[in-house]
There are 2 protein chains.
Amino acid sequence: MSLATLIEARYGLAAEAGSGLSAEGTLAAMLARRVCRDYAERPVHEELMQVLFAAAFSAPSKSDLQQASVVRVVDPAKRARIERWLASMPWIAGAPELMIFCGDNRRTRRIAALRGKPFPNDTLDMFMNAAVDAGIVLQAFITAAESVGLGCCPLSLVRDHARELAQLLELPQWVFPVAGLTLGYPAAPGALSMRLPLSVTVHRDRYDDSGFEAALEDYDRRREAARPTPRAKQRDPERFGTADRYGWSEDKARQYATPQRADFGAFVRAQGFALE
Amino acid sequence: MSLATLIEARYGLAAEAGSGLSAEGTLAAMLARRVCRDYAERPVHEELMQVLFAAAFSAPSKSDLQQASVVRVVDPAKRARIERWLASMPWIAGAPELMIFCGDNRRTRRIAALRGKPFPNDTLDMFMNAAVDAGIVLQAFITAAESVGLGCCPLSLVRDHARELAQLLELPQWVFPVAGLTLGYPAAPGALSMRLPLSVTVHRDRYDDSGFEAALEDYDRRREAARPTPRAKQRDPERFGTADRYGWSEDKARQYATPQRADFGAFVRAQGFALE
């Protein structure tokens, strides 16, 4: 099998790229990545956890500021609280490990104080740097974990409960959750998310999305053909009815037709960010 | 050599974790990652570029929304413009490839319009989702590239010129640059960035940074011992003088003692984000 075969499965399109490269190593694992929501009871060895964290935090960081932190949730009472908040995802309880990846601008501010310097940077840029650092460490952790046969599922839904979560985990000012992550050895293979074609996501010299609408129709069709949405899983049928032709774009349009996490901005501001 | 040896080099601390694992594969590459600012003239084959993009966009995405886009800058005139803006980094001109990784909330909004749905989500959350998606794809691209012997350097400095860059690359409303990335085959090994100890970045059940100040002193010392800052490289000596004991924390405190990218928030708002 070649990398082209994996690219074809991921994008649902015939691929020439990768036809001469065999499907092994890091690239193959990244292309074949699947979310994991069904975990074996086997725990993750503590030594391996430390190696994974060491690898994840080796990732690049904006200006070497290292503005990401992770809180591992091990205490059963705290895990139970979080699992109750995420009751729509009952499988979380079966995950051996649960972590919260946070943006962390607190250390940068403590350093300014410790070194006797002003910090005239109450900017949106500063907030984004911390959020992106957390995303980078999250992605590095996932790649590291999957390279040794573990499975993961990122949970942005934890931000629906940002205020309670910050209280539960004692997240101080300038620290905010970006995503949760469950981790463990897969009990069953998860689903493979088909991706938009690179013609839509990779541009040359100028952003050009003139072909988006046509590409979207094809993508919806390919995705539904590979993994049809059951009629009963259509989102919000009371409001939008049941569609004969349903797909990714209809689903995403329905998802964001309702305000999502409208209070997250207020939470981030309460954590100290002026977002100027 | 074991993974523990690589962890020791990265963190400057004796490591027990990883002592039984040999230093090979994805974990070893991630732990040994170095930034690359010196590229051989050898171009990156177009087929490989496509494989790297395919692998990078296979990474997880918030709610499968896929809110990241990349603009490859190939046109020599456009590259020259960007290189002039980043004149403090003359090595960029020698990089075979230059890309701009963007947060992209535009497709999500177009989908709402195409599917006839409202979009009541002018939130900070929405902006953060797109920024973090871009960071995740950036990190996935770097890991993919390094796994085949390529070297990279992320460039957040492109955001110092966000408005001009958006004009040059025709970034429309709801699209914003998160970071640039240079890519090529390394001509010389880059420097290894030592990382804060995991005792500072990984917490258990509650965020606890009571040991930060002591850990910071040790970290500054280890980092300077491994790679001393030349006296001439101390930041802003006119304002802060020349310190006998200089280190990471003094350097970062000096960097952010001056407003950085104070206009980025205005740029993002002008791109359409209300950040509620």
Side-chain angles (χ1 to χ4, degrees), chain A residues 7 10 17-18 26-27 30-31 33 47 50-51 53-55 57-58 60 62 64 66 69-72 75 111-112 115 117-118 120-121 124-125 128 131-132 135-136 139 143 147 154 156 169-171 193 195-196 198 201-207 249-250 252-253 256-257 259 261 264-265 276, chain B residues 7 10 17-18 26-27 30-31 33 47 50-51 53-55 57-58 60 62 64 66 69-72 75 111-112 115 117-118 120-121 124-125 128 131-132 135-136 139 143 147 154 156 169-171 193 195-196 198 201-207 249-250 252-253 256-257 259 261 264-265 276:
Chain A
I7 295 175
R10 173 69 70 189
T26 307
L27 288 177
M30 293 176 79
L31 283 163
R33 179 193 69 79
E47 184 184 338
Q50 296 305 315
V51 172
F53 284 127
F57 279 96
S58 298
K62 195 277 168 200
D64 248 346
Q66 308 178 55
S69 286
V70 175
V71 183
R72 286 174 73 180
D75 177 54
I111 286 168
R115 300 295 170 250
K117 305 287 184 296
N121 281 286
L124 180 67
D125 191 79
M128 188 175 102
V132 170
I136 285 172
Q139 167 56 21
T143 306
S147 80
S156 59
L169 304 181
E170 301 177 35
L171 304 184
S193 274
R195 287 287 179 245
L196 287 165
L198 298 179
T201 48
V202 181
H203 304 252
R204 198 178 175 100
D205 289 322
R206 54 185 287 267
Y207 188 101
S249 63
E250 176 69 20
K252 294 302 147 195
Y256 280 90
R261 227 164 275 156
F264 185 69
E276 277 162 17
Chain B
I7 295 175
R10 174 68 70 189
T26 306
L27 288 177
M30 293 177 79
L31 284 163
R33 180 194 68 80
E47 184 185 339
Q50 295 305 316
V51 171
F53 285 126
F57 279 96
S58 299
K62 195 278 170 201
D64 248 347
Q66 310 179 55
S69 287
V70 175
V71 183
R72 287 174 73 180
D75 177 55
I111 286 169
R115 299 297 169 248
K117 305 288 184 297
N121 282 286
L124 181 67
D125 191 79
M128 188 175 101
V132 169
I136 284 173
Q139 167 57 20
T143 305
S147 80
S156 58
L169 304 181
E170 302 177 35
L171 304 185
S193 273
R195 286 286 178 246
L196 287 165
L198 298 179
T201 48
V202 181
H203 304 252
R204 198 177 175 100
D205 289 322
R206 54 185 286 268
Y207 187 101
S249 63
E250 176 69 21
K252 295 302 146 194
Y256 280 90
R261 227 165 277 158
F264 186 70
E276 278 164 17

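Chain letters run A, B, ... following the sequence lines, proteins first, then strands; residues in each count from 1.
For chain B, the option among A/Val132, A/Ile7, A/Leu198 with the highest count of heavy-atom pairs below 4.5 Å is A/Leu198. Annotation: maximal heavy-atom pairing with chain A below 4.5 Å, among B/Lys252, B/Arg33, B/Glu250, occurs at B/Arg33. For the set A/Gly135, A/Ala54, A/Gly18, A/Ala17, the entry with the most heavy-atom pairs within less than 4.5 Å of chain B is A/Ala54. Considering only heavy-atom pairs separated by less than 4.5 Å from chain B, the leading option among A/Asp125, A/Val202, A/Val51, A/Val70 is A/Asp125.
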A/Ile111 and B/Tyr256: side chain to side chain contact (heavy atoms under 4.5 Å, CB included), yes or no, with the steps? CA-CA 10 Å; A/Ile111 286 168; B/Tyr256 280 90; over 6 Å; no
Is there a side chain to side chain contact (heavy atoms under 4.5 Å, CB included) between B/Tyr207 and A/Leu169? Walk through the geometry before answering. CA-CA 6 Å; B/Tyr207 187 101; A/Leu169 304 181; 5.9 Å; no
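Contact of B/Leu196 with chain A is made through backbone and side chain together, with heavy-atom distances under 4.5 Å. Contact annotation for A/Pro60: both backbone and side-chain heavy atoms come within less than 4.5 Å of a heavy atom of chain B. Looking at B/Arg10, only its side chain comes within 4.5 Å of chain A, counting heavy atoms on both sides. Of the atoms belonging to B/Pro118, heavy atoms from both backbone and side chain fall under 4.5 Å from chain A. Contacts between B/Glu276 and chain A at a heavy-atom distance below 4.5 Å involve the backbone alone (N, CA, C, O). Heavy atoms of A/Asp205 lying under 4.5 Å from chain B belong to its backbone as well as its side chain. Heavy atoms closer than 4.5 Å to chain B are found in both the backbone and the side chain of A/Arg261.
With no hydrogens or angles considered, a side-chain donor-acceptor pair links B/Arg115 and A/Ser249 at under 3.5 Å.
When all heavy atoms of B/Gln139 and A/Ile136 are compared, the pair lying nearest together is CG-O, 3.5 Å.
Rounding to the nearest 0.5 Å places CG of A/Leu124 at 6.5 Å from CZ of B/Phe264.
The main-chain N or O of B/Phe57 is found under 3.5 Å from a side-chain atom of A/Arg195 such that the two form a donor-acceptor pair.
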